[in-house]
Peer 1: 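Mind looking over this structure? Questions follow.
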Amino acid sequence: FSESNHHHLRRRYRQRRRGHSHGHHHHYKQRQSMASDLKERLLLPKPNSNTAITTSSSSSTSSRPLFQGLDFLGLKKRGHGVRSWIRVDCGGNSEIIELDKFAVMRRCDLPARDLRLLDPLFVYPSTILGRESAIVVNLEQIRCIITADEVLLLNSLDSYVLQYVVELQRRLNGAGSGSGSLNGRRGSSTSIPNFDYAYGGGSTPADSLPFEFRALEVALEAACTYLDAQAADLEIEAYPLLDELTSKISTLNLERVRRLKSRLVALTRRVQKVRDEIEQLMDDDGDMAEMYLTEKKLRVESAIDGDQSIAGYSSIGAGMSVSAPVSPVSSPTETRRLEKSLSIARSRHESMKSSESATENIEELEMLLEAYFVVIDSTLNKLTSLKEYIDDTEDFINIQLDNVRNQLIQFELLLTTATFVVAIFGVVAGIFGMNFSISLFDEPEAFKWVLLITGACGIFIFCTFLWFFRHRRLMPL
């Protein structure tokens, strides 16, 4: 009985275990199916292969490309800073080219901080920088890079930029005289003196100037003419307005004068910056010598030619030493000595020549800068005179307002004195209005005498105050 019972228990245990494992497996499959259903509901359905192939074939065969409205090339250009430049060479030929920042840096041998001065998105004060291979010019609307062979000007629709290009081409081509052409085109009231005839009656013609100086001269002339034209327009507007303000002080006229003065201060600051920049260049001989690019270019070319000639001579000398029966130890030493003596002589000649030419070129550039320094200084004096006139008008208006204020104070003083005199009658009336009886109330003429005596006392007191005011000069009576 015990063995059969034990066998029966083992069989039941096995059945329970099988049922438990089967149930566990069933629950696992159920959870896995629920997870797959949830995943299918949450995720997007995958496209069929046939649909994908059809879509790709239709997009490839379609004539309209994807993202047709987007200009990826333009975005790439803007990302790399590609800008449009107007190039003017030595012959006066102009063309429009597309260059990015790094191409301009390599082309003109300029650092990136100098190119930021020419960025139209930022406002920088007027600057003229002389570098090793270029001159960076930022004068009002004229933003350009001047080299020994070309001028790179930022392409703009501004009329002064276009006139700068036309004037530079005219002077490079030698068409007509160069005196005051920009002034005649703009109608400026002050004539800009041409550098060709500024000193010595034309003893220094424009053709003798290097290319970079002629380009710089046109830029200075354009900037000075532009500032002088603005100063003239401001003068035409200012003087009638100030005269009207002196005759009629009103809120509208005061507001107009305030705006005019703000414009005057801004224009004076710009003119002062151009004047300081020219004066700083005139005071520094090193900066002026650095700006002579043609001389440096010729010097470098002559140095390269000299090195090539020395190398050719040394090669000929080496061939002669090989063919001639000379000691192999002594020939290289003699060649080196000859090269050294030639290089020393050439360097002395170049240094003397460069020092003489640098002095002459500094004088030429100094005369050029001095001519336009006189012009910009005249414009600054004009603005200074206008500012002084505005200050005098403000002082006159303040004097008028002070006079009106003094008159109001005097009138207020008279009213205060008269109020004090009238208050005496109130005191007398208050006294006689008290509840007491005196014999004066029985007199029929008492009221008339009280009025006469009180009025006489009030007049006497008022005259006394007036005399005191006159004595103290508080009131012009």
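In this text the structure is predicted, and so the values were computed from the model without any measurement. Throughout, residue positions are numbered sequentially from 1 according to the sequence presented.
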Peer 1: Sequence neighbours left out, what passes ring-ring contact (aromatic ring centres under 6.0 Å, His included) with F425? Give chain and number order.
Peer 2: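 Here no residue qualifies.
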
Peer 1: How far does CZ of F373 sit from CG of D276, to the nearest 0.5 angstrom?
Peer 2: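 Output value for this atom pair is 8.5 Å.
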
Peer 1: Would you call R269 and K273 a side-chain contact if the rule is heavy atoms closer than 4.5 Å?
Peer 2: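 They are not in side-chain contact.
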
Peer 1: Show, in sequence, the C-alpha distance, side-chain angles and deciding distance for D228 and T225, and conclude whether the side chain to side chain donor-acceptor pair (under 3.5 Å) test is met.
Peer 2: CA-CA 5 Å; D228 189 75; T225 307; over 6 Å; no

Peer 1: Ignoring hydrogens and angles, state whether a donor on the side chain of N381 or S378 is under 3.5 Å from an acceptor on the partner side chain.
Peer 2: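 Side chains of N381 and S378: no pair found under 3.5 Å.
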
Peer 1: Within the 4.5 Å heavy-atom criterion, are R143 and V137 side-chain neighbours or not?
Peer 2: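 No, their side chains stay 4.5 Å or more apart.
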
Peer 1: In chain order, what residues pass the side-chain contact (heavy atoms from CB on, under 4.5 Å) check against E445, with sequence neighbours excluded?
Peer 2: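 Counting only residues at least two positions away or on another chain, E445 forms a side-chain contact (heavy atoms from CB on, under 4.5 Å) with K448, W449.
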
Peer 1: Could I get the full list of side chain to side chain donor-acceptor pair (under 3.5 Å) partners for E95, not counting sequence neighbours?
Peer 2: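 If we apply the side chain to side chain donor-acceptor pair (under 3.5 Å) test to E95, skipping adjacent residues, the hits are R87.
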
Peer 1: Stepwise, does the salt bridge (Lys or Arg N to Asp or Glu O under 4.0 Å) test hold for E221 with R171?
Peer 2: CA-CA 13 Å; E221 182 176 345; R171 295 196 184 186; 2.3 Å; yes

Peer 1: Are R258 and E255 close enough for a salt bridge, meaning some N to O gap below 4.0 Å?
Peer 2: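 Yes, R258 and E255 are salt-bridged.
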
Peer 1: With a 4.0 Å cut-off on N to O distance, would you call K297 and E212 a salt bridge?
Peer 2: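 Judged by the 4.0 Å cut-off on N to carboxylate O distance, K297 and E212 do not form a salt bridge.
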
Peer 1: So, using salt bridge (Lys or Arg N to Asp or Glu O under 4.0 Å) as the criterion, who are the partners of R113 when residues are at least two apart?
Peer 2: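 R113 satisfies salt bridge (Lys or Arg N to Asp or Glu O under 4.0 Å) with no other residue.
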
Peer 1: Counting C-beta onward and ignoring hydrogens, is there a side-chain heavy-atom pair between E98 and S84 closer than 4.5 Å?
Peer 2: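 In short, these two side chains touch, coming nearer than 4.5 Å.
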
Peer 1: When you measure from the side chain of N406 to the backbone N and O of D402, does any donor-acceptor pair fall under 3.5 Å?
Peer 2: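 Present.
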
Peer 1: Do L216 and L365 pass the side chain to side chain contact (heavy atoms under 4.5 Å, CB included) test, and can you show the C-alpha distance, the side-chain angles, and the key distance before you say yes or no?
Peer 2: CA-CA 10 Å; L216 180 61; L365 182 57; 4.1 Å; yes

Peer 1: Side chains of E277 and T127: is there a donor and an acceptor less than 3.5 Å apart?
Peer 2: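 Looking only at side-chain atoms, T127 and E277 do not form any donor-acceptor pair under 3.5 Å.
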
Peer 1: Please check: side-chain N/O of N173 versus main-chain N/O of Q169, any donor-acceptor pairing under 3.5 Å?
Peer 2: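 Answer holds: yes.
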
Peer 1: What residues, two or more places apart in sequence or in another chain, satisfy side-chain contact (heavy atoms from CB on, under 4.5 Å) together with A429?
Peer 2: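 side-chain contact (heavy atoms from CB on, under 4.5 Å) check on A429 returns nothing, list empty.
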
Peer 1: Would R131 and D114 satisfy salt bridge (Lys or Arg N to Asp or Glu O under 4.0 Å), going step by step from the backbone distance to the final call?
Peer 2: CA-CA 10 Å; R131 295 296 183 239; D114 292 343; 2.7 Å; yes

Peer 1: Decide yes or no for L264 and T268: does some side-chain heavy atom of the first lie under 4.5 Å from some side-chain heavy atom of the second?
Peer 2: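 A side-chain contact under 4.5 Å exists here.
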
Peer 1: When you compare the side chains of E394 and N398, does any donor N or O come within less than 3.5 Å of an acceptor on the partner?
Peer 2: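 Distance-only check fails for E394 and N398.
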
Peer 1: Does N253 reach the main-chain N or O of I249 with its side chain, forming a donor-acceptor pair under 3.5 Å?
Peer 2: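 No, because the side chain of N253 does not come within donor-acceptor range (under 3.5 Å) of the backbone of I249.
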
Peer 1: Would you check if N93 and V88 make a side-chain contact, meaning some heavy-atom pair closer than 4.5 Å?
Peer 2: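 The answer is no; the side chains never approach within 4.5 Å.
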
Peer 1: Not counting sequence neighbours, which residues clear side chain to side chain donor-acceptor pair (under 3.5 Å) with E290? List them please.
Peer 2: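 Here the qualifying residues are K296.
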
Peer 1: Could you walk me through whether V427 and I431 pass the side chain to side chain contact (heavy atoms under 4.5 Å, CB included) check?
Peer 2: CA-CA 6 Å; V427 172; I431 292 174; 4.1 Å; yes

Peer 1: Verify the distance criterion only: is there a donor paired with an acceptor across the side chains of R263 and Q230 at less than 3.5 Å?
Peer 2: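 The criterion, which ignores hydrogens and geometry beyond distance, is not satisfied for Q230 and R263.
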
Peer 1: Before giving the answer on side chain to side chain contact (heavy atoms under 4.5 Å, CB included), spell out for L383 and V271 the whole-Å C-alpha distance, their side-chain angles and the decisive distance to 0.1 Å.
Peer 2: CA-CA 9 Å; L383 294 176; V271 173; 3.8 Å; yes

Peer 1: If you take all heavy atoms of F211 and A148, which pair is closest and at what distance?
Peer 2: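 Heavy atoms of F211 and A148 come nearest at CD2-O, 3.7 Å.
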
Peer 1: So does A215 get a backbone contact from the side chain of Y164, meaning a donor-acceptor N/O pair under 3.5 Å?
Peer 2: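 Present.
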
Peer 1: Report the C-alpha distance between D149 and T294 in whole Å, list the side-chain angles of each, state the deciding distance to 0.1 Å, and finish with yes or no for side chain to side chain contact (heavy atoms under 4.5 Å, CB included).
Peer 2: CA-CA 8 Å; D149 302 323; T294 304; over 6 Å; no

Peer 1: How would you list, by chain and number, every residue that makes a ring-ring contact (aromatic ring centres under 6.0 Å, His included) with F420, sequence neighbours excluded?
Peer 2: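 Result, ring-ring contact (aromatic ring centres under 6.0 Å, His included) vs F420: F465.
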
Peer 1: What's the verdict on salt bridge (Lys or Arg N to Asp or Glu O under 4.0 Å) for K248 and E244, showing C-alpha distance, side-chain angles and the deciding distance?
Peer 2: CA-CA 6 Å; K248 181 182 179 181; E244 182 181 358; over 6 Å; no

Peer 1: Name every donor-acceptor pair, under 3.5 Å, that has one atom in a side chain of residues 115-126 and the other anywhere in the protein, sequence neighbours excluded.
Peer 2:
unit_1: D119; atom_1: OD1; unit_2: R83; atom_2: NH2; d: 2.9
unit_1: D119; atom_1: OD1; unit_2: L121; atom_2: N; d: 3.1

Peer 1: Return yes if a side-chain donor-acceptor contact under 3.5 Å exists between Q141 and Y226, otherwise no.
Peer 2: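 Checked: Q141/Y226 side chains pair up, N/O donor to acceptor below 3.5 Å.
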
Peer 1: So, the side chain of T246 versus the backbone of D243: is there a donor-acceptor pair under 3.5 Å, distance only?
Peer 2: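 Checked: pair present.
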
Peer 1: What ring-ring contact (aromatic ring centres under 6.0 Å, His included) pairs are there with at least one residue in residues 259-280, not counting sequence neighbours?
Peer 2: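 The answer is none; no pair qualifies.
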
Peer 1: A134: what forms a side-chain contact (heavy atoms from CB on, under 4.5 Å) with it, not counting sequence neighbours?
Peer 2: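 Partners of A134 under the side-chain contact (heavy atoms from CB on, under 4.5 Å) test: C108, L110, I145, T147.
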
Peer 1: Any non-hydrogen side-chain atom of I128 less than 4.5 Å from a side-chain atom of V136?
Peer 2: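 No - every pair of side-chain heavy atoms lies 4.5 Å or more apart.
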
Peer 1: With a 4.5 Å limit on heavy-atom distance, are the side chains of F411 and Q407 in contact?
Peer 2: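 Side chain of F411 against side chain of Q407, heavy atoms only: no contact under 4.5 Å found.
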
Peer 1: Go through the structure and list residues passing side-chain contact (heavy atoms from CB on, under 4.5 Å) with I399, not counting sequence neighbours.
Peer 2: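 By the side-chain contact (heavy atoms from CB on, under 4.5 Å) rule, I399 matches no residue at all.
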
Peer 1: ring-ring contact (aromatic ring centres under 6.0 Å, His included): which pairs involve residues 237-283, sequence neighbours left out?
Peer 2: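 Qualifying pairs: Y239-Y389.
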
